[in-house]
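Report on the following structure.
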There are 2 protein chains.
Amino acid sequence: MAGTGAMMGAMFGAETGKLLDRAARTCDRNGSRLTDIRRHVLGLVLDSDRPVGAYDLLDRLRQSHKGAAPPTVYRALDFLQEQGLIHKVERLSAFVGCVQDDRGHDHAHHDHKVQFLICSVCQRTVEIDEPRIADALEAAAARHGFVPRRSTIELEGLCADCVAEADRAEQAREPG
Amino acid sequence: MAGTGAMMGAMFGAETGKLLDRAARTCDRNGSRLTDIRRHVLGLVLDSDRPVGAYDLLDRLRQSHKGAAPPTVYRALDFLQEQGLIHKVERLSAFVGCVQDDRGHDHAHHDHKVQFLICSVCQRTVEIDEPRIADALEAAAARHGFVPRRSTIELEGLCADCVAEADRAEQAREPG
DNA sequence: AGTATCGACGTTATAGTATAACAGCTCGGC
DNA sequence: GCCGAGCTGTTATACTATAACGTCGATACT
Ligand SMILES: [Zn+2]
Ligand SMILES: [Zn+2]
Ligand SMILES: [Zn+2]
Ligand SMILES: [Zn+2]
């Protein structure tokens, strides 16, 4: 009667629980099965505030799922990417949840146009959605007779928080 | 007295030889040393018509340089990237020569804005230079209070040649 | 010359990321 | 019951990259 859906829902935070329920509905709609393992891996990804590596996920998954091995987690990750529920951050070889539905953008074509800002200091990664970037890239491709399929657009730098932090450190060292 | 610079120049094609000589001058200007190993690795990269993986380079390097090991080639690759002579194609974990000088664009800031079109079929990769893409990405970053450092912009798809090839195959299967 | 230093390289070992290959299981339709 | 498809278990391995430490030679200062 807790009302959040699957029996293992309580293992994650409330926000994650909601996202998991939505993911379950998405998979239903797609005629694909969000199994326990897949759901669990997705929960681990969503519960993190920064991208998570496959072997980190494996370690965490093993706490509740003794038999897990690399293929276990890579299969789940492949499935979740196919469903558009997570993305891979290439620069970090790590995975983040997709928050597309929060912003209502077109899922069907979304995978091709994922864009990330990645903080070198804290690793926090935000997915942005700038049509101008994708448009400019596609226009350039067209000029080369190139038929686009998937793009990797990632910008590494310092997030606002870490810039502020660095400024504070600078001030402390050289006050006035 | 052959006039092309280093003694090993003859190992590569004429075009590659010219690029190697230019690279030697670039390094001179930078006060850095284009050693035999570095020059050889650069030659191997330049002589390929598609991106080359580090272990492929290692195999080829070993044909003339028995003692080579992974660090040998990775050190050379790091150096060449620092000099702006090659780029890494992240999606392929492979390396291509930079042709910047052919187009006279700004080298100092170029590394941050490298853009590739990568063919999924033949792996051939072309470096493009579309300021609008970098501009749009930087504008988006600014809007998030994000300070950019290095970007990865790669579009995977089908090159014009492979599209034509695919079309021919299609025609053959369904003529008329 | 002596020697401190630095950059490049040799060598061995290991970390980190990802997949191949095959076996077993379950579930639903026939 | 039987089959086929999809999911998982399990072992082994491939591929990419770096750590750590030792050697050597050139440079430069004394
Ligand atoms: Zn997304
Ligand atoms: Zn940060
Ligand atoms: Zn370039
Ligand atoms: Zn092609």
Side-chain angles (χ1 to χ4, degrees), chain A residues 6 8 23-24 27-28 30-42 44-45 50-83 85-96 118 123 152 154, chain B residues 6 8 23-24 27-28 30-42 44-45 51-62 64-83 85-96 118 123 152 154:
Chain A
M8 50 192 304
C27 290
D28 262 7
N30 295 357
S32 53
R33 296 172 46 201
L34 186 62
T35 63
D36 275 358
I37 289 179
R38 291 164 174 177
R39 183 188 171 86
H40 197 143
V41 170
L42 177 57
L44 290 170
V45 172
R50 60 203 71 188
V52 200
Y55 280 74
D56 277 359
L57 289 170
L58 178 55
D59 287 344
R60 300 182 201 180
L61 184 60
R62 273 182 164 148
Q63 291 172 10
S64 66
H65 195 107
K66 295 297 183 185
T72 314
V73 63
Y74 278 104
R75 284 168 184 154
L77 290 169
D78 286 348
F79 171 86
L80 296 169
Q81 286 180 269
E82 279 162 15
Q83 299 299 309
L85 297 169
I86 65 173
H87 300 299
K88 180 175 179 184
V89 183
E90 299 288 345
R91 202 174 258 291
L92 303 176
S93 291
F95 301 83
V96 290
I118 307 162
Q123 266 70 61
T152 301
E154 302 183 353
Chain B
M8 51 193 301
C27 290
D28 263 6
N30 295 356
S32 53
R33 296 170 46 201
L34 187 62
T35 63
D36 275 358
I37 289 179
R38 290 164 176 177
R39 183 186 171 87
H40 197 143
V41 170
L42 177 57
L44 291 169
V45 171
V52 199
Y55 281 75
D56 277 358
L57 289 170
L58 178 56
D59 288 343
R60 300 183 201 179
L61 184 59
R62 273 181 165 148
S64 65
H65 195 106
K66 294 297 182 185
T72 312
V73 63
Y74 277 105
R75 284 168 184 154
L77 290 169
D78 286 348
F79 171 86
L80 295 169
Q81 287 180 270
E82 279 161 16
Q83 300 298 310
L85 297 169
I86 66 172
H87 299 300
K88 180 175 181 185
V89 184
E90 299 288 345
R91 204 178 254 296
L92 303 176
S93 293
F95 301 84
V96 290
I118 307 162
Q123 267 69 61
T152 301
E154 302 183 353

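Values reported hereafter were calculated over all heavy atoms of this structure, with side chains retained and with hydrogens, waters and symmetry mates removed. In the text below, chain A, chain B and the rest are named by the order of the sequence lines, each starting its count at 1.
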Measuring to OP1 and OP2 of dC9(C), would you say a side-chain N or O of R38(B) lies under 4.0 angstrom away? yes
Would you mind reporting whether C27(B) and F79(B) have side-chain heavy atoms less than 4.5 Å apart? yes
If I take atom CG in residue D59(A) and atom C1' in nucleotide dG16(C), what distance separates them, rounded to the nearest angstrom? 12 Å
Among the nucleotides dC9(C), dA17(D), dT8(D), whichever has the atom closest to the side chain of T35(A) is dT8(D)
When you get a sec, tell me which of dA17(D), dA19(D), dA18(C) is the closest nucleotide to the side chain of A54(A)? dA18(C)
Closer than 4.0 Å, any side-chain N/O of H65(A) to the OP1 or OP2 of dT8(D)? no
In V52(B), L80(B), V41(B), V96(B), the residue satisfying side chain to side chain contact (heavy atoms under 4.5 Å, CB included) with I86(B) is L80(B)
Integer-rounded Å distance: dA26(D) P and R33(B) CZ: 9 Å
So, does R62(A) use its side chain to make a donor-acceptor pair with the main chain of G67(A) at under 3.5 Å? no
Provide, to the nearest angstrom, the distance between the CG atom belonging to L80(A) and the P atom belonging to dC7(D). 12 Å
Among dA17(D), dT11(C), dG10(C), which is the nearest nucleotide to the side chain of I37(B)? dG10(C)
Does a side-chain N or O of K66(A) approach OP1 or OP2 of dT8(D) to a distance below 4.0 Å, or not? no
Side-chain contact check for R75(A): nearest option of dT12(C), dT10(D), dA18(C) is dT10(D)
Would you say the side chain of Y55(A) and the base of dA18(C) hold a donor-acceptor pair, judged only by whether the two atoms sit under 3.5 Å apart? yes
Any sub-3.5 Å donor-acceptor pair from E154(B)'s side-chain atoms to R91(B)'s backbone N or O? yes
Tell me: CD of E82(B) to P of dG7(C), nearest whole Å? 12 Å
In whole angstroms, the gap separating P of dT8(D) from CG of L77(A) amounts to 12 Å
Proximal nucleotide (of dA20(C), dC7(D), dA8(C)) relative to the P71(A) side chain: dA20(C)
Which of the following nucleotides, dA21(C), dT18(D), dT17(C), is nearest to the side chain of Y74(A)? dT17(C)
Round to a whole Å and report the spacing from CG of D78(B) to P of dC9(C). 12 Å
Just checking, is any N or O donor in the side chain of T152(B) or E90(A) under 3.5 Å from an acceptor N or O on the other one? no
Integer-rounded Å distance: dG16(C) P and L58(A) CG: 13 Å
Would you kindly give the CZ-to-P distance between R62(B) and dG10(C), to the nearest whole Å? 12 Å
